[in-house]
Amino acid sequence: MAGYVGILVSDPSLQNQFTQVELRSLKTHFMSMRRESGKLTVGDLASRMSRLKVVGENLSEQERAGFIADLYPESNDEVDFEFFLKVYLKLHAHASSRTGSPAKNSSAFLKAATTTLLHTISESEKASYVAHINNYLAQDGFLNKNLPIDPSSNYLFEIVKDGVLLCKLINVAVPGTIDERAINTKRLLNPWERNENHTLCLNSAKAIGCTVVNIGTQDFIEGRRHLVLGLISQIIKIQLLADLNLKKTPQLVELVDDSKDVEELMSLPPEKILLRWMNFQLKKSPYKKIVSNFSTDVKDAEAYAHLLNVLAPEHSNPSTLAVKDPFQRAKLVLEHADRMGCKRYLTAKDIVDGSPNLNLAFVAHIFQHRNGLSTETNQISFLETLPDDAQVSREERVFRFWINSLGNSTYIDNVFEDLRNGWILLETLDKVSPGIVNWKIANRPPIKLPFKKVENCNQVVKIGKQIKFSLVNIAGNDIVQGNKKLILAYLWQLMRFNILQLLKNLRFHSHGKEITDVDILRWANTKVSDSGRRSRMDSFKDKSLSDGIFFLELLSAVQPRSVNWSLVTKGVTDEQKKMNATYIISIARKLGCSIFLLPEDITEVNQKMILTLTASIMYWFLKQPVEEKASATSDSENGSQVETISNSTTDDSASESSIE
């Protein structure tokens, strides 16, 4: 990890100012700030740095804004991590000089920063998220005894300790993610059962796009408020932005002029689509400014007043634009929204304070309720001419969420667009095989010159060949050009390489030898056979796997208490197969498998995803302490499973996973 921190902060003077723990903590905070609107500019820093304890508590937003503007007048310049650290150091020194507290290079501050940097929470955000939970989970049969939660209390952090609420909230955001049959829902759970729920929650959160790199099950058990609230914020954001794509809302095509622009729109993150929609509607009003964020650009509430007048003129109030005080205007805006049925996520103070999370939620809720887009079929007819490859879309989703789960410096929204400069691919390679990237010749974003992107991608391809990827006719420029087929081929081999490396690194089982697809296949069949079951798989594309029975027997073999067989179907009809598949995925995540496949990948026997599922179960089992495995298997079984790691060289016959 030290090497990785080093590549994120190349300036030696900055490395000397922070411990690695501080750098990781600040990096997490920086990434969170940037995700709120897709990018972070100099003009955003004053409001968003309010959450940093020393800087936020001892300087007002106006003081921070004035201080930053004096140093860096270009407010629209985008901020990278090193720039953020420099601003942070200067603001901290400024705050310290006023309060008489220790300067940044004091060891006392280092200790304080490490423990308190992210521990402040927004009471407004907490109240808003509690209201959301009360609204969407009020009718839940298990949770209704604890709802509604009082927004002014801290009961939210108590109720999450059994893991049930967070699992249910994930299903509200992305229905069907968790098979609720897998959630432990007794009124009094033992520590083991609570831990299973938290593990299921975290692995499922990763699988819908949440970043949970610095969150563990113990954080929920201890009710660490900033981490709990951070995860809840991400889950709710995913729910609110779910309709901001052309598949769910084809009327969004009205925002663009031709098919080329449509493809660009399809590649944008939902926050940017929401901003584009807002500006599209504002063009119909006298408002002439461009809204580029959900913080400083909406603080005076003028943009909101014009937006709501366009969308719901029947509820408008002439006084809204006439008043001079932004706070009073914000109150009138919320009254307008309330008449539309949209007042839920923020207060007038949140608007004038520029709370990015709550303002984004507010605008997303307005979009869901009344988007003002045309429903005429001729407006969206040419969408039917665009390629609709469901398999490509599913694979892109799997690889995107997998890459985001690794904790790279940038959150990606589309692998075909966001990987084109090569930097995130290099970071991912370095995570999968530390030290394999030559960072001295890598070009750090932002990269304006095309040949610099090609240089990065050439190194990506070179490393792929070095680790025996099948890269026939793939060059760095193919990645720069966004060639979907070749990018997916590379990412699949990278994901496969990752899980094989994880298995290889369990040296007490593999003795450091290469692990092959055949080894994984043999291990799985041996585990099921040794447990007394008769099913087996001939390969990772064996069509008999579609009923899910083999994987349920495999899960039961590695952890007998994991499967409730009374809930398993015969897997004959399509519906029965899907029920088994959703149960398999949730049980595997509940054990601790980090997997990103969908139920369709099992029912349709997608051999790539079948391999990753089997390998993930194998990896989970092999890394368990010996005494825990002994409770599930006999010593002889443990012996036989060790022998399944063969001495053979790489053999792809089991999965035919090399892609040309």
Side-chain angles (χ1 to χ4, degrees), residues 1-12 14-15 18 20 23-24 26-28 30-31 34 80-82 85 211 213-214 399-412 414-472 474-483 486-505 512 514-515 594 650 659:
M1 187 66 193
Y4 180 63
V5 171
I7 68 154
L8 294 181
V9 183
S10 57
D11 186 337
L14 285 173
Q15 291 185 32
F18 299 95
Q20 288 189 14
L23 279 174
R24 285 195 290 270
L26 280 163
K27 185 69 182 182
T28 301
F30 169 76
M31 290 170 63
R34 188 162 61 179
D80 63 15
F81 183 48
E82 291 193 5
L85 291 177
T211 301
V213 176
N214 293 318
F399 297 138
R400 171 164 36 98
F401 291 162
W402 171 64
I403 290 171
N404 285 333
S405 76
L406 299 175
N408 290 321
S409 64
T410 302
Y411 186 93
I412 65 170
N414 184 299
V415 300
F416 305 127
E417 293 297 321
D418 298 345
L419 301 183
R420 288 169 64 173
N421 66 15
W423 182 260
I424 295 298
L425 282 171
L426 289 173
E427 286 192 337
T428 303
L429 283 161
D430 197 63
K431 288 291 183 72
V432 170
S433 185
I436 202 167
V437 176
N438 183 353
W439 292 108
K440 292 180 180 179
I441 62 171
N443 301 295
R444 180 191 300 273
I447 306 172
K448 296 181 180 179
L449 297 174
F451 79 90
K452 294 287 187 183
K453 299 178 183 179
V454 174
E455 286 177 351
N456 280 353
C457 292
N458 281 342
Q459 186 179 180
V460 168
V461 173
K462 180 180 178 182
I463 293 171
K465 291 178 179 178
Q466 179 183 328
I467 53 181
K468 304 295 192 297
F469 287 3
S470 176
L471 298 175
V472 178
I474 296 182
N477 195 52
D478 292 313
I479 299 173
V480 176
Q481 296 300 319
N483 185 308
L486 298 183
I487 289 173
L488 290 177
Y490 190 97
L491 290 176
W492 158 240
Q493 293 181 85
L494 182 55
M495 178 185 262
R496 174 175 171 270
F497 177 79
N498 179 49
I499 189 64
L500 294 179
Q501 284 297 106
L502 290 173
L503 288 167
K504 176 185 174 183
N505 291 340
E514 297 295 331
I515 304 298
S594 182
T650 302
I659 302 170

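This chain uses plain numbering: 1 for the first residue, then up along the sequence.
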statement: Residue set satisfying side-chain contact (heavy atoms from CB on, under 4.5 Å) with V454, at least two apart, ordered chain then number -> N458, N477, V480
field: Residues which pass side-chain contact (heavy atoms from CB on, under 4.5 Å) with K452, listed by chain and number, not counting sequence neighbours
entry: N443, I447, L449, E455
message: side chain to side chain contact (heavy atoms under 4.5 Å, CB included), that's the test. Do Q501 and K504 meet it? Break it down for me.
response: CA-CA 5 Å; Q501 284 297 106; K504 176 185 174 183; 3.9 Å; yes
task: Could you go through the side chain to side chain contact (heavy atoms under 4.5 Å, CB included) check for L419 and L491 one step at a time?
output: CA-CA 11 Å; L419 301 183; L491 290 176; 3.9 Å; yes
Nearest 0.5 Å, please: how far is [atom2] in [Y] from [atom1] in [X]?
X    : Y    : atom1 : atom2 : value
L494 : I467 : CG    : CD1   : 6.5 Å
I487 : D478 : CD1   : CG    : 8.5 Å
L486 : F416 : CG    : CZ    : 10.5 Å
L471 : I463 : CG    : CD1   : 11.5 Å
N498 : T428 : CG    : OG1   : 9.5 Å
L85  : K27  : CG    : NZ    : 8.5 Å

message: If the test is side chain to side chain contact (heavy atoms under 4.5 Å, CB included), which one of Q459, E427, R444 qualifies with W439?
response: E427
- request: List the steps and the verdict of side chain to side chain contact (heavy atoms under 4.5 Å, CB included) for I436 and Q466.
  value: CA-CA 10 Å; I436 202 167; Q466 179 183 328; 3.8 Å; yes
Under the side-chain hydrogen bond (donor to acceptor under 3.5 Å, both in side chains) rule, collect the residues that match up with [X], sequence neighbours excluded.
X    : answer
E417 : R420
T410 : R34
S405 : none

Any side-chain heavy-atom pair of F497 and S433 under 4.5 Å: yes
statement: Between C457 and G476, the two heavy atoms sitting closest are CB-O, 3.2 Å
- prompt: What closest approach, in Å, do S409 and I424 show between heavy atoms, and which atom pair accounts for it?
  reply: OG-CD1, 4.2 Å
N/O donor-acceptor pair under 3.5 Å between [X] side chain and [Y] backbone:
X    : Y    : result
K431 : L426 : no
N505 : L502 : no
Y490 : V460 : yes
D430 : G435 : yes

message: Restricting to ring-ring contact (aromatic ring centres under 6.0 Å, His included), what partner residues turn up for F30, sequence neighbours left out?
response: F81, F84
